[in-house]
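Written out below as structure tokens is the structure these notes cover.
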Amino acid sequence: MPAAPTEKRIVMLEDLLKNGLLAALEKFGVFEEDVDIILEKPRDRGHGDLSTNLAMVLGKRLGKKPRELAGEIAAGIDLPKAVVESVEIAGPGFINFRLAPAYQVELLLNLMDPDGALEDIRTGGNKRINVEFISANPTGPLNVVSARAGAFGMTLVRLLDAIGYDAHAEYYVNDAGRQIKLLGASLRAHYMQLMGESVVFPEDGYHGRYLEIMAQELTEQDAEAIVKAASAFNDESFQRVQAPPGNAEDWRKLPEDESVGCFAKFALMKILSWQRDTCRRFGLRFETWYFESELHESKRVERALDKLDKLGALYVEEDATWFRASNYGDEQDRVVIKADGAPTYFLADIAYHYHKFQRGFEHAIDFWGPDHHGHITRMQGAMEALGVPKDWLEVQILQQVNFVEGGRTVKMAKRAGKFVTMDELIDDVGADVAKYLFLTRKPNSHLDFDLDLAKEQSNENPVFKVKYAHARICKLIRRAAEAGIEPGQPTAASLCKLPDVAEWNLVRELIRLPQVIVSAANSREPHRLTGYIFDVAGLFNQFYQRPGSRILGEDKELTLARLHLCVVTRQVLRVVLELIGVDAPEELEVKV
RNA sequence: GCGCCCGUAGCUCAGGUGGAUAGAGCAGCGGAUUUCUAAUCCGCAGGCCGCAGGUUCAAGUCCUGCCGGGCGUACCA
């Protein structure tokens, strides 16, 4: 477990500059402990590669005009020319540093080196982090809201792995409680109706068309077919998914409670198989599918309750048992055992998260919908009460997705059975486009997803621009090979020969990759990745299209240098596309 | 009522720990091009960054109060 410094090479550069500045400050009687030197990347490239506001911060204290002070500091600074090409004064008193091209090239080559920049950012020490996302109720097909969660969760898992954590994707299945009974009763009612019996459809039952279809199937399936369907769940995560004995006719004849249970079991089995397949289609890989029913059977729910009780975090009032959530910042206390003796969902959730902690995860990240944000405080409070470290559970709220079709918002309501399913989305726009578009917005902003636009597959779609840039580079390299030029691994000698501004603009963007990955991971904002490769693709296109100059030209050395730049660009695009789970094609068919 | 999120160009949105002239895509207008696959590139136009105060050398960014929109506020899950 190496205690690697964050972004080693970047830090080295910053230390170099800071030490240089500190040395220059000595004659003003300012020392390290007096000042916090901040180096930042200027927005405007004309202002160099790194910049400090030091003179403005110190101006007042030293009784000097910031701009003059900046000049004096800059004059006294001594830095190796191989790293810093120039130090300039600008604006109200900024000191701007411009990096030497050779140094930028070194950073660029690190991106190609397996032990280079991308290894330097692996600072997580292989700590295990649990990332739970989607966890949709198993009462219907996954809808598009889950698609956004899937795109985010999976990308965050890969990002955390990229910075050296051991991230673990998990899906929590709420296969217990009232809703499952309701699901079973709804399916049973549909089935009975098909068999010519008049039954009252359960109040608050599920009206989705998928249940009618499922009931229809049941009228045709025999016991063997049902068992066969269950056998699709032969992998370890799904051991709990079993077909009920017999066939639908047998279930119908059972006493109502048992009958509903059989129908529920069947519905659960079918729906889980849909959800699992949809996740696979979307490129989501869960290490664990965690079943709520297991929590109840293993008595973890009871044990969590006992533990809370022993710690004095519970009390009884009006026949219900309450958790003292208000002691932990919640507005009020919360019920864990209802007056009728049944545990609440909250209690099961406490047991679930406590077990997650006991399973050895050093940190847990949950993605929740906006309708659950009110639960964060009580959940964290319960963890705190159980002695779990305060920041152990982190909850990310993913704001709602509004689907717009024909200029109007499509309202989705699961119980009303009216929603766009994730499968439909994948069918219509493709998994890659959907993933990319979901990842263009930050998690806590509402997202308007224009279905018409996404389905159009027109050039308005940014994902095509990025894929196209990648394919174009592949084609260029193939072309070069046909002409007898094999670029091989890029070299410093060659890259230093790049003559154009457009090329160096691209270089400067490419070498940001490690920082972009680190910041996207730590801020839990994967949208920085899509923004970044969009910019990389744009800068590549500028380089590619610059007037009167081709990449494959007469001058062998120049051609090689530019091909090397292409190779690094391709590498960067690949790394990021892989992080967001989008394919990087070697070729794209151009649509007219 | 209370809590959370959002308010930036006509539209959809970016704008790490406060920095220099607030950016991009789309839509609009005008160009480039006999392609290394044009799903491209260049230019123009478009902004009281919701409003009002405050903090400071410096505020789209931080603080307070409003206004507007979304969501939540169960002995449901």
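Values below: every heavy atom of this structure, side chains too, minus hydrogens, waters and symmetry copies. Chain letters run A, B, ... following the sequence lines, proteins first, then strands; residues in each count from 1.
In this structure, E132(A) pairs ionically with K356(A), as a charged nitrogen and a carboxylate oxygen lie closer than 4.0 Å. By the 4.0 Å N-to-carboxylate-O rule, E503(A) lies close enough to R562(A) to be salt-bridged with it. We find that E297(A) and R240(A) are joined by a salt bridge, their nearest charged nitrogen and carboxylate oxygen being less than 4.0 Å apart. A salt bridge links E509(A) with R45(A): at least one charged nitrogen is closer than 4.0 Å to a carboxylate oxygen. One finds no salt bridge joining D49(A) and R98(A) here, because no Lys/Arg side-chain nitrogen approaches an Asp/Glu carboxylate oxygen to under 4.0 Å. Of the charged side-chain nitrogens involved, none lies within less than 4.0 Å of a carboxylate oxygen, so that K338(A) and D319(A) do not count as a salt-bridged pair.
Between C42(B) and Q542(A), a contact under 4.0 Å exists linking OP1 or OP2 to a side-chain N or O. Listed pair Y345(A) / A77(B) fails the phosphate criterion, with no side-chain N or O lying under 4.0 Å from OP1 or OP2. Under 4.0 angstrom from either OP1 or OP2 of G19(B) there lies no side-chain N or O belonging to R43(A). Applying the 4.0 Å criterion to OP1 and OP2 of C76(B), one finds that K338(A) has a side-chain N or O inside that range. For A58(B), the OP1/OP2 oxygens have no side-chain nitrogen or oxygen of N53(A) closer than 4.0 Å.
In this structure, L50(A) atom CG and G19(B) atom C1' are separated by 14 Å, rounded to whole Å. In this structure, NZ of K41(A) is placed 14 Å from P of U17(B), rounded to the nearest angstrom. Remark: C1' of U17(B) and CD of E14(A) are 12 Å apart, rounded to the nearest angstrom. Between the CD atom of Q545(A) and the C1' atom of A39(B) there is a distance of 12 Å, given to the nearest Å. Rounding to whole angstrom units, CG of residue D500(A) and P of C42(B) are separated by 14 Å. A straight line from CG of D44(A) to P of G15(B) spans 19 Å, rounded to a whole angstrom. Here the P atom of nucleotide A74(B) and the CD atom of Q332(A) are 6 Å apart, to the nearest Å.
Contact annotation for F534(A): backbone-only contact, meaning every heavy-atom pair under 4.0 Å involves sugar-phosphate atoms and none involves a base. Within the nucleic acid shown, A90(A) comes within 4.0 Å of at least one base atom, counting heavy atoms only. Within the nucleic acid shown, S51(A) comes within 4.0 Å of at least one base atom, counting heavy atoms only. As judged by a 4.0 angstrom heavy-atom cut-off over every strand, A176(A) is placed among residues touching the sugar-phosphate backbone only. Residue-level contact check: K465(A) touches the backbone only, with heavy atoms under 4.0 Å from sugar-phosphate atoms and none from bases. Contact annotation for N444(A): backbone-only contact, meaning every heavy-atom pair under 4.0 Å involves sugar-phosphate atoms and none involves a base. At a threshold of 4.0 angstrom between heavy atoms, the contacts of L588(A) include nucleobase atoms, whether or not backbone atoms are also involved. No engagement by T52(A) is indicated, since no non-hydrogen atom pair under 4.0 Å with the nucleic acid exists. At a threshold of 4.0 angstrom between heavy atoms, the contacts of N96(A) include nucleobase atoms, whether or not backbone atoms are also involved. Among the protein residues, A348(A) comes within range of no part of the nucleic acid, since none of its heavy atoms lies under 4.0 Å from any strand.
Per the stacking criterion (ring centres < 5.5 Å, plane angle < 30°), H527(A) does not stack onto the base of A14(B). In this structure, F94(A) forms no aromatic stack with the base of G19(B), since the conditions of centre separation below 5.5 Å and plane angle below 30° are not both met.
Atom name P, nucleotides C76(B) and G68(B): the rounded distance is 35 Å, in whole Å. The separation of U8(B) from G15(B), taken at their C1' atoms, amounts to 9 Å, rounded to a whole angstrom. Comparing the P positions of U61(B) and G7(B) gives a spacing of 11 Å, expressed to the nearest Å.
For the residue pair D366(A) and H353(A), a side-chain donor N or O sits within less than 3.5 Å of a side-chain acceptor on the partner. Judged purely by distance below 3.5 Å, without hydrogens or angles, the side chains of Y468(A) and N541(A) never pair a donor atom with an acceptor atom. For the residue pair Y171(A) / Q275(A), a side-chain donor-acceptor distance below 3.5 Å is found, with atom types taken as modelled.
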Side chain to side chain donor-acceptor pair (under 3.5 Å) between T440(A) and H527(A), worked out: CA-CA 5 Å; T440(A) 56; H527(A) 78 284; over 6 Å; no
Distances under 3.5 Å between protein N/O atoms and the N/O atoms of nucleotides 8-13 of chain B, please, pair by pair.
{"unit_1": "U12(B)", "atom_1": "O2'", "unit_2": "R441(A)", "atom_2": "NH2", "d": "2.4"}
{"unit_1": "C13(B)", "atom_1": "OP1", "unit_2": "D448(A)", "atom_2": "N", "d": "3.4"}
{"unit_1": "C13(B)", "atom_1": "O5'", "unit_2": "R441(A)", "atom_2": "NE", "d": "3.2"}

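Aromatic rings of F152(A) and F133(A) (six-membered ring for Trp) have centroids beyond the 6.0 Å cut-off, not under it.
Side chain of F464(A), nearest nucleotide from G72(B), C5(B), A39(B): A39(B). Distances were taken from every side-chain heavy atom of D371(A) (C-beta onward) to each of C75(B), G72(B), A77(B); the shortest belongs to G72(B).
Paired regions of RNA chain B, where each region holds three or more successive Watson-Crick or G-U pairs whose two hydrogen-bonding distances fall under 3.5 Å, are B:1-7 with B:67-73, B:10-13 with B:23-26, B:28-32 with B:40-44, B:50-54 with B:62-66.
Distance check: H470(A) NE2 to R574(A) CZ gives 4.0 Å after rounding to the nearest 0.5 Å.
Within residues 60-74 of chain A, the residues that place at least one heavy atom under 4.0 Å from RNA chain B are, in residue-number order, K60(A).
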